[in-house]
Amino acid sequence: AEMQASVFERLNDLKKSLTPRMQDKTNVLLDTGPGTVVSRISEYCRKKGPFIVVMGINRNSGSENFPESVSLNAVNYTLYPLIIVPENVRFQLIRKIGLALDKTFMSPFPFEYLKKLQESFSAKIDVLYVNLGKKTVPDSERIKYLKRELEDIEPDFHFISTNELEEGMNKLLEETKVNLLLLIPKFHPFFEFHKSKS
């Protein structure tokens, strides 16, 4: 009970610092309870059904922000869109949203959510497509399908061919200067040993 009271007091201090910045456009509500961070977030999401969840990430587990492992675990176990904010960054208006894809993207694809996100920020969508190991990127059936489904928000498409996914994505991020990067982790069966690139 003492710990919970102490946490609630700190949350209240945070709320007081945030409220003036909200300019009466957003209500700040507080919630706390026992359990692990990821289980509490999952439970809260089930009850509230949020549009998006925002977490800090910090490699120093002694930090007041969530340590890296907690944020990355939340990606695996929270069935809601998650914005992970790296340490030592300052907020900028989100004018460009990058959607990272490779040739394995599949349906069902969250088109309606992507359109709502684009509308919420009044942002431009840049599709960042990394093609592994080929010299050219053909306008495949998947790309045609994507263009057709997103034609009403007029995204820009950026292609790169490379042998390394991370290297290719870094080049596209440098080129496009997006403010928010969207990754859609793929489902892998329990017995498939796989290191997530996301």
Side-chain angles (χ1 to χ4, degrees), residues 1-94 97-101 105-106 108-121 123 125 169 173 178-198:
E2 266 183 47
M3 275 177 71
Q4 195 157 338
S6 171
V7 168
F8 209 80
E9 187 178 336
R10 289 173 62 192
L11 286 175
N12 250 320
D13 290 342
L14 182 60
K15 177 178 177 176
K16 286 174 188 171
S17 72
L18 287 173
T19 302
R21 303 182 200 183
M22 300 297 182
Q23 300 173 349
D24 296 325
K25 294 179 182 176
T26 303
N27 290 327
V28 179
L29 306 175
L30 304 178
D31 182 74
T32 183
T36 65
V37 175
V38 174
S39 67
R40 287 291 300 152
I41 290 171
S42 298
E43 183 184 336
Y44 187 85
C45 287
R46 278 194 300 273
K47 288 179 185 173
K48 301 291 185 179
F51 178 64
I52 208 154
V53 177
V54 181
M55 293 181 75
I57 190 169
N58 195 310
R59 285 178 170 80
N60 175 9
S61 61
S63 161
E64 291 182 1
N65 293 329
F66 296 117
E68 181 177 27
S69 59
V70 172
S71 298
L72 297 182
N73 267 337
V75 171
N76 294 324
Y77 298 108
T78 304
L79 299 179
Y80 284 84
L82 186 64
I83 291 181
I84 296 180
V85 183
E87 58 185 321
N88 302 322
V89 298
R90 294 180 65 83
F91 177 76
Q92 295 179 346
L93 289 176
I94 295 173
I97 297 173
L99 172 62
L101 295 177
F105 81 85
M106 300 166 65
F109 200 81
F111 290 116
E112 291 310 310
Y113 186 85
L114 185 59
K115 291 174 184 179
K116 282 182 187 172
L117 193 65
Q118 183 264 343
E119 184 182 348
S120 297
F121 290 112
I125 300 287
M169 188 53 61
L173 290 172
V178 299
N179 308 112
L180 179 66
L181 178 65
L182 299 183
L183 301 168
I184 302 176
K186 299 176 199 66
F187 171 77
H188 293 276
F190 180 75
F191 290 107
E192 181 183 328
F193 294 98
H194 175 79
K195 188 174 185 343
S196 172
K197 298 293 186 182
S198 300

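Here the structure is a predicted model, which means the values were calculated and not measured. Only heavy atoms go into these numbers, but all of them, side chains included; no hydrogens, no water, no symmetry mates.
For residues 10-30, no residue pair satisfies the ring-ring contact (aromatic ring centres under 6.0 Å, His included) rule, not counting sequence neighbours. Pairs passing the ring-ring contact (aromatic ring centres under 6.0 Å, His included) check and including a residue from residues 2-25, sequence neighbours excluded, do not occur. Pairs passing the side chain to side chain donor-acceptor pair (under 3.5 Å) check and including a residue from residues 111-121, sequence neighbours excluded, read K115-D152.
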Can you list, pair by pair, the side-chain donor-acceptor contacts under 3.5 Å of residues 20-40, counting residues two or more places apart and other chains?
residue: D31; atom: OD2; partner: R40; partner atom: NH2; Å: 2.8
residue: T36; atom: OG1; partner: S39; partner atom: N; Å: 3.2
residue: T36; atom: OG1; partner: S39; partner atom: OG; Å: 2.8
residue: S39; atom: OG; partner: T36; partner atom: N; Å: 3.2
residue: S39; atom: OG; partner: T36; partner atom: O; Å: 3.0

Contacts under 3.5 angstrom, residues 44-54 side chains, donor-acceptor by atom type, not counting sequence neighbours:
residue: K47; atom: NZ; partner: E43; partner atom: OE2; Å: 3.4

Exercise. side-chain contact (heavy atoms from CB on, under 4.5 Å) between I97 and V178: does it pass, once the steps are laid out?
Worked result: CA-CA 6 Å; I97 297 173; V178 299; over 6 Å; no
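Looking at heavy atoms from C-beta onward, L182 lies in side-chain contact with L117 at the 4.5 angstrom threshold. Put simply, the side chain of N12 reaches to within 4.5 Å of the side chain of K15, judged on heavy atoms.
Between L180 atom CG and I125 atom CD1 the span is 8.5 Å, to the nearest 0.5 Å. In this structure, CG on L101 lies 7.5 Å from CE on M169, to the nearest 0.5 angstrom.
Evaluation of the side-chain contact (heavy atoms from CB on, under 4.5 Å) rule for L14 yields S17, L18 as partners, not counting sequence neighbours.
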